[in-house]
K.L.:
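First the structure, then my questions, so here it is.
Here the structure is a predicted model, which means the values were calculated and not measured.
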Amino acid sequence: MESNIDDFIQPEGWLEWNGDFALKTLYYAEFNNEGAGSNTSGRVKWPGYRVINMEEALKFSIGPFLQGESWLKNPDVPVRFGMYT
């Protein structure tokens, strides 16, 4: 999410772990990436891969997903609990 993905990432974006193991049950998502390798038009066509919107992405940010506000209290550690965009 919101990462710079360079051109060394192949268009498929993902590889199988072990043949077709877990391809029907995985959840891989991308949101608002940029860079030469971020184009998702050639990504894998697995049922669990998707490009998500901001509402869905926010669920996986440091605040809601890791409850970061409750344990990241050091003022010297830069952290963003939501998204940049």
Side-chain angles (χ1 to χ4, degrees):
M1 300 187 313
E2 296 189 327
S3 298
N4 187 310
I5 300 177
D6 212 340
D7 64 354
F8 57 83
I9 299 298
Q10 296 181 6
E12 297 83 6
W14 306 91
L15 292 174
E16 302 90 357
W17 288 3
N18 186 13
D20 64 356
F21 170 75
L23 295 184
K24 295 179 181 171
T25 58
L26 62 79
Y27 180 90
Y28 291 160
E30 295 188 56
F31 170 72
N32 202 30
N33 295 320
E34 58 184 34
S38 67
N39 185 333
T40 59
S41 64
R43 292 291 195 255
V44 294
K45 305 298 184 220
W46 303 335
Y49 168 76
R50 57 192 47 99
V51 176
I52 58 176
N53 61 28
M54 181 175 296
E55 181 181 352
E56 185 75 12
L58 281 168
K59 296 175 186 176
F60 296 101
S61 64
I62 293 172
F65 192 67
L66 299 176
Q67 291 92 40
E69 292 93 344
S70 66
W71 58 275
L72 290 170
K73 299 190 184 290
N74 184 338
D76 297 327
V77 177
V79 64
R80 179 173 296 275
F81 294 105
M83 306 304 293
Y84 286 98
T85 56

K.L.:
Could you check whether any side-chain N or O of Asp6 sits under 3.5 Å from a backbone N or O of Phe8, counting only pairs where one atom can act as donor and the other as acceptor?
P.N.:
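Not a single qualifying donor-acceptor pair exists.
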K.L.:
Taking the side chain from Asn33 and the backbone from Glu2, do they hold a donor-acceptor pair closer than 3.5 Å?
P.N.:
yes
K.L.:
Hey, is NZ on Lys45 packed in by over 12 heavy atoms from elsewhere, all under 6.0 Å?
P.N.:
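Counting neighbours around NZ of Lys45, more than 12 heavy atoms of other residues, nucleotides or ligands fall under 6.0 Å, so yes.
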K.L.:
Rounded to the nearest 0.5 Å, how far apart are CD1 of Ile5 and CD of Glu30?
P.N.:
5.0 Å
K.L.:
If Ile, Leu, Val, Met, Phe, Trp and Tyr residues are connected whenever their side-chain heavy atoms lie under 4.5 Å apart, and connections chain through other members, are Val44 and Leu15 in the same group?
P.N.:
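Val44 and Leu15: separate clusters.
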K.L.:
Answer with yes or no whether the hydrophobic clustering places Trp14 together with Trp17; edges join I, L, V, M, F, W, Y residues whose side-chain heavy atoms lie under 4.5 Å apart.
P.N.:
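They do share one cluster, since a chain of ILVMFWY contacts under 4.5 Å joins Trp14 to Trp17.
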K.L.:
Pick from Tyr49, Trp46, Phe60: which one makes a ring pair (Phe, Tyr, Trp, His ring centres under 6.0 Å) with Tyr27?
P.N.:
Phe60
K.L.:
Measuring from atom CD1 of Ile9 to atom CG of Asn39, what distance do you get when rounded to the nearest 0.5 angstrom?
P.N.:
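It comes to 13.0 Å.
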K.L.:
Is a side-chain donor or acceptor of Ser3 paired with a backbone partner of Met1 at a separation under 3.5 angstrom?
P.N.:
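Answer holds: yes.
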K.L.:
Side chain of Arg50, backbone of Tyr28: donor and acceptor closer than 3.5 Å?
P.N.:
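Between the backbone of Tyr28 and the side chain of Arg50 there is no qualifying donor-acceptor contact (under 3.5 Å).
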K.L.:
Are there more than 12 heavy atoms of other residues, nucleotides or ligands under 6.0 Å from atom CD of Glu56?
P.N.:
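Yes - once you tally the heavy atoms of other residues, nucleotides and ligands closer than 6.0 Å, there are more than 12.
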K.L.:
Working to the nearest 0.5 Å, report the span between OG of Ser38 and CG of Asn4.
P.N.:
7.5 Å
K.L.:
If you apply the rule side chain to side chain contact (heavy atoms under 4.5 Å, CB included), what do you find for Met54 with Phe31, and how did you get there?
P.N.:
CA-CA 7 Å; Met54 181 175 296; Phe31 170 72; 3.8 Å; yes
